[in-house]
Amino acid sequence: MAEEKIHLTKRDRLAVAWRSTFLQGSWNYERMQNGGWCYALIPAIKKLYKTKEARSAALKRHMEFFNTHPYLASPVLGVTLALEEERANGAPIDDTAVQGVKVGMMGPLAGVGDPVFWFTVRPILGALGASLAMSGNVLGPIIFFIAWNLIRWGFMWYTQEFGYRAGSKITDDLSGGLLQYVTSLASIMGMFVLGSLIERWVTIKFTPTVSSVKLSKGAYIEWDKLPSGAAGIKEALLQQKDGLSLTANKVTTLQDNLNSLIPGLAALLLTFLCMWLLKKKVSPIVIILGIFVVGVLGHVIGIL
Amino acid sequence: MSIISMILVVIVAFFAGMEGILDEFQFHQPLVACTLIGLVTGNLIPCVILGGQLQFIALGWANIGAAVAPDAALASVASAIILVQGGQGVKGVGTAIAVAIPLAVAGLFLTMIARTLAVPIVHIMDKAAEEGSFRKIEIWQVIAICMQGLRITIPAAALLFIPSGVVRGVLESMPAWLTEGMTIGGGMVVAVGYAMVINMMASREVWPFFAIGFVIAAVTDLTLIALGALGISFGLIYLELKKGGSNNGGNGGNSNTGDPLDDVLNDY
C-alpha cells in the first residue's frame, strides 16, 4: 500500500476514554447505551474516516444496541478501536464482525462488573466512608470520593488500553481464568465484608425487660453508706472496678439474652427475612416502608 | 439561605442528577451529595452525618441491566435540603432519613420517565448519524445528560422556595414517638440493601466467608480496613488452595501430596 497507515494516537484514545465517562447519558429503553457509545467513539471515527459516506456508516454502525456495566465498556471500546483502525486501513472487517464482538463481550463483562464494582468495591468504600461520616468526620466522604475515582479511572484507562492492544484476540484472554478469578475473589471478599457490615451496622435493640433480680448484699454498691464528697466518689469507683453492680437489681433485657447467644443475631435474622421477601418478589421499597412501620409501631408499644 | 448558597445547591443537585444515570464520579451517592449540600449551605457536619446514615441504607442500590434501583440522588439532595431548612442540626437527621425514603421512590419514577424521554433523543441522533454530523450527536448527548440533571435540579429548586419556617413547622409538629420510631426503623432498614446484594452474590461456595465475617466483626477492636484486609486475605488463600487442589486431582489419585490434613488423617 502506498498510503500511510492511520493510527490512533494516545491522545485519541484518551479522548475516547474521557468521553466514555458519559456513556450512560442518553440511556434509553430502546437501545440502552447506544447514544453514549457512539458519542464516545466520535474522536476515533473522525480520525479514521475522512469521507462523509464512511463517517455516516461508522456512526450508524455504532448506534446499534449496546448495554454493559459502564466501566466494563472500556475493554470493549478498546477492542472496537483496534477493529475500526484495522478496517480503516483496509482490513476486511464488516459491520457484523464489529457488532458481533461488541455483543459477545458485553454480556459476560456486565456479569463481572456488577459484583465487583456495585457489590464489592462500592459497599466496602461506602461503608468505610459512611462509618467515618456518621461520627461527623468529613474525611469519610473525601476518602470515598477520591478512592472510588482513582480506582474507576485507573481501571477504565488500563482496560481500554488492554483491549486496544489485544484487539480481537481479547476473547481468548477473557475465556481464560483471569476474569473468573477476579469475580470469585470479589464475591468472597464481598460476602465476608457483608457479614461484618450486618453485625456492625444493622441496629436492632429490643428493650423489654426479661428479668429483674434483687442482688444479694455486697454484690452492689450501697450508695447511702458511702462517705460524702470526693472520698465517696473515689470509693464508688473503686467498688465498681471490683465488679460491684451500680444498682441493687440486676436487669436483663431481651437484647442481653440475644447478645449472649451471638451479638447481632437479630440483625442477621432480619437480613435473612429481607432476602426471603426479595426472593418472593416483594419490592424493596415495600420492605423498606414496612420496616419503618414496624420501627414506629414497635417503639410505640415499647418493644424497640 | 443566601442567594449564593441557593445557586450552589442547584448546581450540586444538577451534578447529582447527572450522576444518577452516569454512575461514574458518584456525586449522587448520599455520602458525597449530602456533604456537598452541607458544605455550600454552611451545615457541613449534620449533612455529613446524614450522608453517612443514608449511605448505609443505599449501599445495595445499583442499576443492574435495565432495572432501576431506588434513586439515591433525589433522596440525598432533597433530604439534605430539608435538614438544612428545618434548622434542627444533628437532631433532625432521623427525620430527614425518614423523608428520604419516599423521595427515593419518587426519584425512581422520574428516572424511568427520563429514560423513556431519551428514546426520541436517540432517534434524532440516528438522523444525525445518517447525515454524518458529529456535532449534532454530541449536542444531543449533552442534552440527554442535562435532562437527567434537571430531573433532580427542579425538585431541589422547588424545595428551596418553600420557606424554611414552613419546613421547620412541619418537622417540629411531628410527635416524638414518630421521629424516634423512624430513627429505629432507619437502623434496621439498612438490612434491605445488604439482602439485595447477598441475593445477587451468594452461592454455596461463598456462604462460609459470610459467616466468618459476621463472627469476626463482633471483635469491636477491628476497624473496617482491618476487616477488609482479612476478607481479601481469606479470598486469596481460598482461591490459591482451590487451584492447588484441582492440580492435585489432575495428578491422578496421589491424594496425600501437599495436604497436611490428609496426611494426619492417614497416619491416624
Side-chain angles (χ1 to χ4, degrees), chain A residues 21 24-30 35 39 42 52 55-56 59-60 63 70 114-115 118-119 123 126 128-130 133-134 136 138 141 144-145 148 185 187-196 198-204 263 270-271 274-275 278 284-285 287-288 291-292 295-296 299-300 304, chain B residues 21-24 26 31-32 35 45 48-49 51-53 55-56 59 62 64 101 105 115-116 118-119 121-122 125-126 129-130 132 134 137 141 144-145 177 180-181 184-185 187-192 194-195 197-201 206 209-210 213-214 217-218 224 227-228 231-232 234-235 239:
Chain A
T21 298
Q24 307 212 83
S26 55
W27 202 103
N28 61 90
Y29 281 117
E30 193 184 275
Y39 171 79
I42 282 180
K52 195 180 165 221
R55 284 182 167 181
S56 159
L59 288 175
K60 275 198 286 185
M63 284 294 287
D114 292 334
W118 296 159
F119 297 145
L128 177 67
M134 293 222 313
V138 188
F144 171 77
F145 185 73
W148 178 270
L185 185 61
S187 52
I188 289 173
M189 191 177 167
M191 286 298 273
F192 179 90
V193 171
L194 278 169
S196 45
I198 288 168
E199 208 282 332
R200 288 268 171 103
W201 297 109
V202 181
T203 46
I204 307 178
L270 178 67
T271 311
C274 292
M275 285 169 59
L278 287 168
I285 290 297
I287 303 176
I288 288 173
I291 287 178
F292 274 109
V296 172
H299 183 62
V300 170
L304 289 168
Chain B
I21 187 84
L22 294 178
D23 233 333
E24 301 271 348
Q26 309 295 306
L31 205 47
V32 182
T35 304
I45 299 304
V48 168
I49 295 172
Q53 298 212 2
Q55 187 69 46
F56 271 116
L59 276 187
I64 305 298
I101 302 304
V105 186
R115 288 179 174 205
T116 311
V119 175
I121 290 182
V122 294
M125 288 163 96
D126 278 338
E130 194 82 46
F134 294 126
I137 292 182
Q141 176 76 7
I145 296 173
W177 58 266
E180 284 166 18
I184 292 167
M188 299 194 293
V189 88
V190 180
V192 180
Y194 297 145
V197 179
I198 294 173
N199 271 348
M200 288 291 206
M201 295 215 302
V206 293
F209 295 99
F210 176 84
F214 182 79
L224 267 174
L227 288 170
I232 197 149
F234 278 127
L239 290 177

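Model, not experiment: these values are computed from the prediction. As a basis for the values below, the full set of heavy atoms in this structure was taken, side chains included, without hydrogen atoms, waters or symmetry mates. Each chain gets a letter, A, B and so on, in the order the sequences are listed, and its residues count up from 1.
Of all heavy-atom pairs spanning Thr203(A) and Met188(B), the tightest one is O-CG, 3.5 Å.
Most heavy-atom pairs under 4.5 Å with chain B, from the set Ile288(A), Ile204(A), Leu128(A): that is Ile288(A). When each of Ile49(B), Ile137(B), Thr35(B) is checked for heavy-atom pairs under 4.5 Å with chain A, Ile49(B) comes out on top. Top candidate by heavy-atom pairs under 4.5 Å with chain B, chosen from Val296(A), Val193(A), Val300(A), Thr271(A), is Val296(A). With chain A as the partner, the residue from Val32(B), Ile101(B), Val190(B), Ile45(B) showing the most heavy-atom pairs under 4.5 Å is Ile101(B). Most heavy-atom pairs under 4.5 Å with chain A, from the set Ala195(B), Ala144(B), Gly132(B): that is Ala195(B).
Phe209(B) pairs by the ring-ring contact (aromatic ring centres under 6.0 Å, His included) definition with Tyr238(B), not counting sequence neighbours. Qualifying ring-ring contact (aromatic ring centres under 6.0 Å, His included) partners for Phe292(A), counting only residues two or more places apart in sequence or in other chains: none.
Relative ring orientation between Phe210(B) and Phe214(B) is described as parallel, the plane-to-plane angle staying below 30° on a 0-90° scale split at 30° and 60°. Using a 30° and 60° split on the angle between ring planes, Phe192(A) and Phe234(B) fall in the tilted class, from 30° to 60°.
Interface remark: Trp148(A) contributes side-chain atoms only to the contact with chain B (heavy atom separation under 4.5 Å). Contacts of Thr116(B) with chain A are made by both backbone and side-chain atoms, with heavy-atom separations under 4.5 Å.
Rounding to the nearest 0.5 Å gives a distance of 10.0 Å between CD1 of Ile21(B) and CD1 of Ile145(B).
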